[in-house]
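All figures in this text were calculated on a predicted structure; none of them were measured in a lab. Just so it is clear, the values below take in all heavy atoms, side chains as well, and ignore hydrogens, waters and symmetry mates. Per chain, numbering begins at 1; letters A, B, ... match sequence-line order.
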There are 2 protein chains.
Amino acid sequence: MGPDRAATKRVTAVDVARSLGLSRATVGFVLNDTPGQTIPESTRQRVLNEAKRLGYHPHSAARALASGRSHIVLLVLPDWPLDYSMRTHLDEASATLDRAGYALVTMVPHPDGQAQPLWETLRPDVVMGMTPFSPREIADIRASGINHVLTPAQREGPLPGEEGLLFADGPRVQVEHLAAQGRRTLAFAAPADPRLAQLSAERSGLAARTATRMPGITWAGDWTIDEGSVATAVAEWLSAGVDGVVAYNDDVAARIVGHAVRTRLRVPDRLAVIGHDDTPLARLFVPALSTIRVDTAGLGRYLAELALSTVNQSAPPVATPEMQAHLVARETT
Amino acid sequence: MGPDRAATKRVTAVDVARSLGLSRATVGFVLNDTPGQTIPESTRQRVLNEAKRLGYHPHSAARALASGRSHIVLLVLPDWPLDYSMRTHLDEASATLDRAGYALVTMVPHPDGQAQPLWETLRPDVVMGMTPFSPREIADIRASGINHVLTPAQREGPLPGEEGLLFADGPRVQVEHLAAQGRRTLAFAAPADPRLAQLSAERSGLAARTATRMPGITWAGDWTIDEGSVATAVAEWLSAGVDGVVAYNDDVAARIVGHAVRTRLRVPDRLAVIGHDDTPLARLFVPALSTIRVDTAGLGRYLAELALSTVNQSAPPVATPEMQAHLVARETT
DNA sequence: ACATCGCACTTGCGCGCGCTAGTCGACTCA
DNA sequence: TGAGTCGACTAGCGCGCGCAAGTGCGATGT
């Protein structure tokens, strides 16, 4: 008779209470394990059973309104192309949060100014960023009533050293591996995509610092690699005596090695190349790319726990050593 | 004095109203453009300005509670590895929804039974799936009070032919291209990942149907390709006279071509291979992989519009021809 | 015998907003 | 002059839930 609204009459806590002859508050106390309430086990079970029987599901919007917490964690992803490893990373973070009753929502900032930033729409309890936010962004987020903003820069304070955890070790391992293979003059191969400029600069910086700290190693600087520039870069490397290349990621490495194969330049004899991320591409390429693997799942879990500790005002998780970068030596070094 | 709750006192519609000496209802009418209300332009502007000045942002949970719509679209992603193209797809869908005031949230079903399916936590207005839901899942979702569930299977009804839109054309184009190149005996190379089994079967089926419909073409069936089986498969193909391979995706194609290169089997002379998805891998590989490119951005937009038309009960969008699969012929065919 | 206390609950407010059902004065029309 | 209309608002309910502040009662203590 009524409009289609009646199509799915939701089951609310009132329904459960009425059907049991109890008050809604009691039902609420049971379902939330509200501390400071004494509920006999018998009642507890009755409520729980009836809730299940009727198919009761708490309404998140109402809960968020009343409690002030949405149980949502918003992760702002970088604008750069999502590499393969990121997916595992997110899956694991999501699963961990889920276990704690939180939902992970991801967003990519829209360059042309997103009409409604997701943190306004969703009102998450925490906003995390994989790259630092600008002060303006932080102000915006805070102004939307979000008290917890977590970015690498923020995290730097309370947890010294954790800042670069996500990517820190890779370039160091790359350089040390090349040096151990007997390479003496190293160059960094950067991607052309401007969105990656900052991260690439970070990786390159760390590689350079590692290299210059090692005796007998010469650091030859950065080259930007794209389809047009790869030939020039390789030529310059050869004439400059570069015998080892630290690539920003596997794509860049593949482009270099691909060019080498086409020009019959022997890899790794004349030029060793190591990538980063251990994408499927690295394993499949001919010759198979040496690269760096990071325990992205572990990192995802860590990230999630960090978010939880923030909302709960509890002690932050400790980073485990397994999260460091691991060398995957294949055919290009 | 009070607890840290006062840290960020939110600006509500009441604040805007009070500061203007108006009632909250008037403010609400202005901010929502509520139909059937006559608001003079002067008042409208006053409200709008004051809202901006005070930094008012509507509280989504409250709005969702009152209006019954969360303005969230939940997209359930397949469990399979996210290929490269998916990212653009999601970005575009997200942007389109955003423009309409909706937020796109994605989730991956957790095999070991997610504690809280995101559709219960989030109460989205629509749940969309990239792969069909099981009847049980649909019942679950419906039971959570969600009236709009959209999956390829569902969409089949109202929009005949649109069902396979997402992936439909690729295999056909692959087969036609190989045939046009003079290949006569074709095989399908399937991935080993069991999560991909269903989708792979669909692609393979369409390829087989296309092939058997063409005169002079022999369809040799499916081979599963992984690191261990690729050698056997290629050997069997050669002895069976297979001269063209339709690969499930670029990864599978790369594995085959990689093996061919290592065993000095000439590609494409002896064996032509075509991939699917046009990942970065395809362009970078040596030899560069022929593949299929799909306008994922367009598809994303289409998907978003489909969701919007569903919640608004309005006419569904029309699929544009640009969304079809495009051949990218490179060196392996 | 009376105050006290812990238990097992219930009453009811408030979260912020959408929206229906008004109110009230200015204006038109007969 | 009175009835009616219309524009510009306001009063206030209800969405479902969390939680503070009770309430009634039997058991315990002195």
For nucleotides 19-25 of chain C, 5' to 3', base contacts (B), sugar-phosphate-only contacts (S) and non-contacts (-) with protein non-hydrogen atoms under 4.0 Å give BB-----

Closest non-hydrogen contact found for B:Ala100 with B:Leu308 is CB-CD1, 3.6 Å

Taking OP1 and OP2 of C:dC7, is either one under 4.0 Å from a side-chain nitrogen or oxygen of A:Thr38?
no

Exercise for review: Check whether any side-chain nitrogen or oxygen of A:Ser23 sits under 4.0 Å from OP1 or OP2 of C:dT11, and answer yes or no.
Suggested key: no

Check: According to the interplanar angle, ranging from 0 to 90°, do the rings of A:Tyr102 and A:His71 count as parallel (below 30°), tilted (30 to 60°) or perpendicular (above 60°)?
Finding: parallel

Separation of C:dT11 atom P from A:Leu22 atom CG, nearest Å, is 11 Å

Worksheet item: Less than 4.5 Å apart, any side-chain heavy atom of B:Val30 and any of B:Leu48?
Response: yes

Rounded to whole Å, CZ of A:Arg18 lies from C1' of C:dT10 at a distance of 16 Å

Kindly indicate whether the side chain of B:Leu75, heavy atoms from C-beta on, has any atom under 4.5 Å from the side chain of B:Leu303. yes

Scanning both residues in full, the closest heavy-atom pair of B:Arg123 with A:His59 reads NH1-CA, 3.3 Å

Open item on the list: Can you confirm whether A:Leu31 sits close enough to A:Pro58 that some side-chain heavy atom of one is under 4.5 Å from a side-chain heavy atom of the other?
Closed with: no

Whole-Å distance, A:Leu65 CG to D:dC17 P, equals 12 Å

In whole angstroms, the gap separating C1' of C:dC17 from NE2 of B:His71 amounts to 12 Å

Smallest heavy-atom separation, B:Ala304 atom then B:Ala93 atom, equals CB-O, 3.5 Å

In whole angstroms, the gap separating P of D:dG14 from NE2 of A:His59 amounts to 17 Å

Overall bend of the helix from C:dA1-D:dT30 to C:dA30-D:dT1 (five pairs an end, 10° steps) is 60°

With a 4.5 Å limit on heavy-atom distance, are the side chains of B:Leu20 and B:Thr26 in contact?
-> no

Taken to the nearest whole Å, CZ/B:Arg123 to P/D:dG16 is 10 Å

Hits for side-chain contact (heavy atoms from CB on, under 4.5 Å) against A:Asp15, two or more places apart or cross-chain, chain-then-number order -> A:Val11, A:Thr12, A:Arg18

The residue, B:Tyr56 or A:Pro40, whose nearest nucleotide of DNA chain C is more 5′ is A:Pro40

Here the distance between atom C1' of D:dG16 and atom CZ of B:Arg63, to the nearest Å, is 18 Å

B:Ile39 CD1 to D:dT10 P, in whole Å, measures 9 Å

